[in-house]
Amino acid sequence: MTGPTTSPLEPVLEARGLRKQYGPLVAVDDVDLTVGPGEVVGLVGKNGAGKSSLIKVLTGAVQPDAGEVLLAGEPVHLRGPAEARRRGVGFVHQELNLVEQASIAENIALGGGLPRRAGLLVSWGALHQRAQTLMEAVDIGHLDPRTRVATLTPVQKRQVMIAAALWHPPTVLVLDEPTASLSEHEVVVLHGIVRRLKSRGTSVLYVSHRLDEVIGLTDRVVVMRDGAVVDSEETTRLDKGRLVAMITGSAGQDRPTHLRQDPGAEIVLDVHEVSSDRMVEPVSLQVRAGEVLGLAGLVGSGRTELLRAIFGADSRRTGEVRVGGEVVGCSPSASLRSGIALLSEDRLHGGLVTGFTINRNITFASLARFRHARWLPLPSGRRERDRSRDLSADLAVKAESVDAPVMSLSGGNQQKVLLARWLSTEPRVLLLDEPTLGIDIEAKTEIYHLLHRLAGEGFALVVVSSEFPELELLCSRALVLREGRVVAELEGADVTETALLHHCFDGAGSPA
Ligand SMILES: Nc1ncnc2c1ncn2[C@@H]1O[C@H](COP(=O)(O)OP(=O)(O)OP(=O)(O)O)[C@@H](O)[C@H]1O
Ligand SMILES: [Mg+2]
């Protein structure tokens, strides 16, 4: 250890010798951790390091196998999340788990129990009033508490979840990757909320893979590796390079170099005047073999809609999509047959089959390839597993074996399994929506190398990312979308973070 592992004042939250084991795997290994009053502690580590597991134990969602949790110096036995909240431990877990069809107010009250009149009837007036106050605390005071959650943007949903965590005023708020799916602008909103809580004396334990925000937001950083806390340091003594080294346990990383594009390469993907009911105006674009085309824009600028339209995910599409000159029908299955694959942004709703193993999740979209023979429409288990093993190894999926249930993986590793699934279909065109969402710094670099390797093999790639440095690193060309329209095209060395930001905001006024 190089720095202090404890804060100077009596901690509000403390873990002593915490341990959680899943079968042979030790997810949380003898962890000591403290969070001081008003302190913002960053919790970082690679995918599968044990961050979410530790948080689940600290917030009563999972019982530890050994060790204890202390609140304000007192050992407590948290029987469940409701008890943790009552005792002042607020939390928002990594995956959004809101009731989409219920109102904002109802979702907020799920955190605390509905206010009842005479112990029986729900007092809606009181509920809405209470919800409104909490909504103001998280910057969504302008919304009506009766609004259905399904109609909200991702950042608003995150804000609702934080409001729910504030129902019982927390002494410590635990946030597991709250900004993973947010764009740069929305991240700023979230940081504002955290800073305000801190200024009122609330402590925060904050998990993130975005190292800039860890440095900008926290007072102290705790690093986990293989279930254990391996380092802890005051943030003022850290810079990004040092933090990366602490997380990966190695000195440096080789960054991929800029892709050079062959202007004469074959046009693999040809999108002509494509539009869907969700798009504002038709878009045309072409992607050559070996090219990585970036789509930049703020959340809501139409990037996901464009990818979905190209893939034929929304049944009503106008215009034409061609792969290698052949017209592609407007449906996901026609797209897959023609060699287009789409990695969607929302891994739980857009992809993972939660009851299946890692193996089956990987081969799910390409089972036909593993038939024993053309005339025998049964997959060969051996060939299927060989393929999943190869792909998992390629993407460094952290798992005991490919036969483990996919839901036993950490968030970032689930994302890698989805990427493996689409690679297994051997596409020529890969459409990737936020491909490194929730993926740690080391695995990100692995994925960048992989995407460049695929480009080198003649794939055509289209990448949507809210992280502009990622687009700068990955893309040979980028389109900027604003309010559903393509407003700029950048090429080669002109694809920079600064230029992308400039075009996203330029003339757009202040994004709401
Ligand atoms: N319910 C479970 N059953 C079996 N293994 C589990 C379970 N939950 C977590 N694990 C394992 O525990 C380890 C730690 O996972 P955890 O989700 O805590 O990682 P993490 O640090 O949050 O990673 P990420 O950054 O990807 O979210 C992983 O190897 C994961 O596969
Ligand atoms: Mg996690």
Side-chain angles (χ1 to χ4, degrees), residues 15 18-31 33 41-65 67 81 91-97 158 161 174-181 205-211 213-214 221-231 243-244 246-249 346-348 352 354-359 361-362 392 395-420 434-447 467:
L18 271 191
R19 184 181 173 86
K20 178 72 204 172
Q21 202 163 336
Y22 292 106
L25 186 131
V26 184
V28 178
D29 191 1
D30 198 17
V31 164
L33 175 93
V41 176
L43 182 60
V44 299
K46 295 201 286 184
N47 294 132
K51 305 176 297 291
S52 298
S53 303
L54 172 61
I55 277 173
K56 284 181 190 147
V57 177
L58 289 175
T59 57
V62 159
Q63 295 302 318
D65 297 322
F91 52 86
V92 179
H93 287 304
Q94 190 166 6
E95 309 292 353
L96 282 171
N97 49 356
R158 213 33 95 171
M161 288 187 58
V174 183
L175 300 172
D176 195 350
E177 287 195 51
T179 51
S181 55
L205 182 59
Y206 196 96
V207 178
S208 176
H209 289 296
R210 295 190 170 196
L211 303 186
E213 78 173 356
V214 171
V221 180
V222 172
V223 185
M224 287 185 80
R225 205 181 304 141
D226 298 326
V229 168
V230 292
D231 220 335
L243 196 51
V244 172
M246 279 160 74
I247 292 170
T248 59
D346 180 351
R347 58 177 167 254
L348 279 186
L352 287 178
T354 53
F356 279 10
T357 59
I358 297 169
N359 174 44
N361 267 285
I362 292 179
S392 320
L395 297 178
V397 174
K398 192 190 175 221
E400 285 290 301
S401 99
V402 292
D403 299 318
V406 77
M407 293 317 282
S408 71
L409 292 179
S410 75
N413 282 296
Q414 292 175 8
Q415 180 76 353
K416 293 188 206 167
V417 165
L418 276 183
L419 188 54
E434 304 284 2
T436 62
L437 193 136
I439 289 192
D440 71 54
I441 182 90
E442 194 171 82
K444 261 185 193 166
T445 311
E446 284 159 14
I447 287 181
E467 291 187 44

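Every number for a ligand or one of its atoms is a count from 1 in the order of the listing.
Contact shell of ligand 1 (protein heavy atoms, cutoff 4.0 Å): Y22, L25, A27, K46, N47, G48, A49, G50, K51, S52, S53, Q94, E177, H209, K398, S408, L409, S410, G411, G412.
Here the side chains of I247 and L211 are in contact, with some heavy-atom distance below 4.5 Å. Residues V207 and S52 have side chains not in contact (no heavy-atom distance under 4.5 Å, counting atoms from C-beta outward). M224 has its side chain within reach of V229: a pair of non-hydrogen atoms, C-beta onward, lies under 4.5 Å apart.
Note on the Mg ion (ligand 2): protein N, O or S atoms under 2.8 Å away count 2, no waters included.
E467 and T436 form no side-chain donor-acceptor contact under 3.5 Å, judged by distance and modelled atom types alone.
Looking at every heavy atom in both residues, A15 comes nearest to L58 through CB-CD2, 4.0 Å.
The backbone N or O of G48 sits less than 3.5 Å from a side-chain atom of S410, completing a donor-acceptor pair.
A side-chain hydrogen bond (donor to acceptor under 3.5 Å, both in side chains) with E177 holds for exactly one of H93, K51, Q94; it is Q94. Tested against Q415 for a side-chain contact (heavy atoms from CB on, under 4.5 Å), the candidates L409, L352, I439 yield a single pass: I439.
To the nearest 0.5 angstrom, I358 atom CD1 is 11.0 Å from K416 atom NZ.
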